[in-house]
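Residue numbers count from 1 along this sequence. Numbering of ligands and ligand atoms starts at 1, following listing order.
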Amino acid sequence: MVTYDQFAGRCEAVLGRIRQACLAAGRAPDSVRLLPVTKTHPVDAALFAHRFGLPAVGENRVQEALQKRPQAPAELRWELIGHLQSNKAKQALQRFDVIQSVDSAELAARLGRIAGELGLVREALIQVNSGDDPAKFGCDLAAAPAVLEAALAYPALKVTGLMAIAPLSDDPAVATRTFEALRRCRDELEARFAVRLPELSMGMSGDLEPAVAAGSTCVRVGSALFGERPSA
Ligand SMILES: *Cc1c(COP(=O)(O)O)cnc(C)c1O
């Protein structure tokens, strides 16, 4: 783990990359938010992010967030960015402010139903495997309308956009293709369902520039902020 001063320096550098990418794309610098990904790191990572003034952190496991969140300031928001098993839907709704990884119509319906029962309204993103990567979660591009349709039946689930992870590749064109496919998917869903889906969560430490160029509004950054993750 890095020290706070190292983290703050890395954070400035990442924010600089985001500003540069926005500038290059002719976008407003505040149109992209930085979501620090604290998974596998001690709770200090989340405390650093909060101290720096970032409003939210991303975690990929329900159990891990469950342990860390009580040790962090209450106003820090937690976003789930990892695959959610349906038997953890209730815990996820209780512990996370945003669920970025809704990847099936069944999960969307389950989350919507349980959120309603709990009297909660939760923001959600549909995770789409727009890079067609067999190693990644996310619904197929063709299945995205069915997932959105399932979610729209539940007022307790507010779908604000889409999320994708680019396949690992040495060819930068692969990330660009993945991100542009997600944006097109979003545009088609907005037209077909007459809804607004402003959030595009795409881009990580290694590929945030092409993501911003393709319209990302949320980059999820781990290693560029906190260093390499300890291998489990
Ligand atoms: C781990 C993770 C990230 C951050 O990856 P880095 O390459 O460390 O920036 C972003 N998104 C998701 C879904 C992740 O699981």
Side-chain angles (χ1 to χ4, degrees), residues 1-2 6-7 9-18 20-21 32-46 48-49 52 54 56-66 68 77-85 88 92 95-104 107 123-139 147 160-172 174-176 178-179 181-182 199-212 214-232:
M1 245 305 264
V2 294
Q6 288 170 326
F7 166 77
R10 284 163 169 259
C11 215
E12 293 295 357
V14 169
L15 290 170
R17 284 173 63 190
I18 295 172
Q20 275 305 316
V32 181
R33 68 188 179 105
L34 169 61
L35 181 68
V37 175
T38 50
K39 68 184 187 200
T40 75
H41 292 295
V43 69
D44 303 82
F48 287 179
F52 191 83
L54 297 169
V57 294
E59 284 277 339
N60 69 337
R61 290 211 174 89
V62 176
Q63 215 55 39
E64 193 176 330
L66 222 73
K68 290 179 188 171
R77 288 161 60 85
W78 294 68
E79 305 197 19
L80 181 64
I81 60 171
H83 179 64
L84 176 57
Q85 290 172 297
K88 299 219 174 92
R95 293 301 158 182
F96 288 93
D97 302 281
V98 182
I99 298 177
Q100 292 207 1
S101 47
V102 179
D103 57 6
S104 72
L107 181 62
E123 269 179 46
L125 302 183
I126 297 171
Q127 184 179 353
V128 182
N129 188 3
S130 63
D132 214 6
D133 181 350
K136 294 284 191 298
F137 286 107
C139 68
V147 182
T160 58
L162 308 182
M163 186 268 256
I165 307 169
L168 265 184
S169 172
D170 294 330
D171 178 3
V174 171
T176 293
T178 301
F179 300 144
L182 192 74
E199 181 99 302
L200 286 176
S201 173
M202 52 191 198
M204 320 198 303
S205 295
D207 57 15
L208 72 85
E209 284 84 359
V212 170
S216 173
T217 60
C218 171
V219 294
R220 310 175 308 268
V221 177
S223 48
L225 294 176
F226 301 108
E228 290 307 312
R229 283 177 285 276
S231 43

Whether Phe226 and Phe7 hold their rings parallel, tilted or perpendicular, with breakpoints at 30° and 60°: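 Rings of Phe226 and Phe7: parallel, as their planes differ by under 30°.
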Within-shell test, Arg229 vs ligand 1, heavy atom, strictly < 4.0 Å: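 Arg229 counts as a contact of ligand 1 under the 4.0 Å cut-off.
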Which heavy atom of the protein is the closest neighbour of [atom], given with residue, atom name and distance?
atom	answer
atom 2 (C) of ligand 1	Lys39 NZ, 2.6 Å
atom 13 (C) of ligand 1	Ile81 O, 3.4 Å
atom 6 (P) of ligand 1	Ser205 OG, 3.5 Å
atom 11 (N) of ligand 1	Arg220 NE, 2.9 Å

His41 versus Lys68, closest heavy-atom pair with distance: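 Heavy atoms only, the tightest pair is O-NZ, 2.7 Å.
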Shortest non-hydrogen separation from Arg95 to Leu66 and the atoms involved: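 It is CG-CD1, 2.9 Å.
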Nitrogen or oxygen of Met204 less than 3.5 angstrom from that of ligand 1: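 No, there is no polar N/O contact under 3.5 Å.
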Ser223-ligand 1 polar pair, N/O distance under 3.5 Å: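 Ser223 vs ligand 1: N/O contact under 3.5 Å present.
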Pair Arg33 + Glu79, salt bridge at N-O below 4.0 Å: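 A salt bridge links Arg33 with Glu79.
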Numbering as shown, the atoms of ligand 1 that approach Ile165 to under 4.0 Å (heavy-atom distance):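 In order of numbering, the contacting atoms are 13 (C).
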Numbered atoms and elements of ligand 1 in range of Val221, under 4.0 angstrom, heavy atoms: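 Heavy-atom distances to Val221 below 4.0 Å select 9 (O).
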Result of checking Leu225, Val57, Asp44 against Thr38 for side-chain contact (heavy atoms from CB on, under 4.5 Å):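 For Thr38, the side-chain contact (heavy atoms from CB on, under 4.5 Å) check succeeds only for Val57.
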Side-chain donor-acceptor pair present, Ser101, Gln127, cut-off under 3.5 Å: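 The criterion, which ignores hydrogens and geometry beyond distance, is not satisfied for Gln127 and Ser101.
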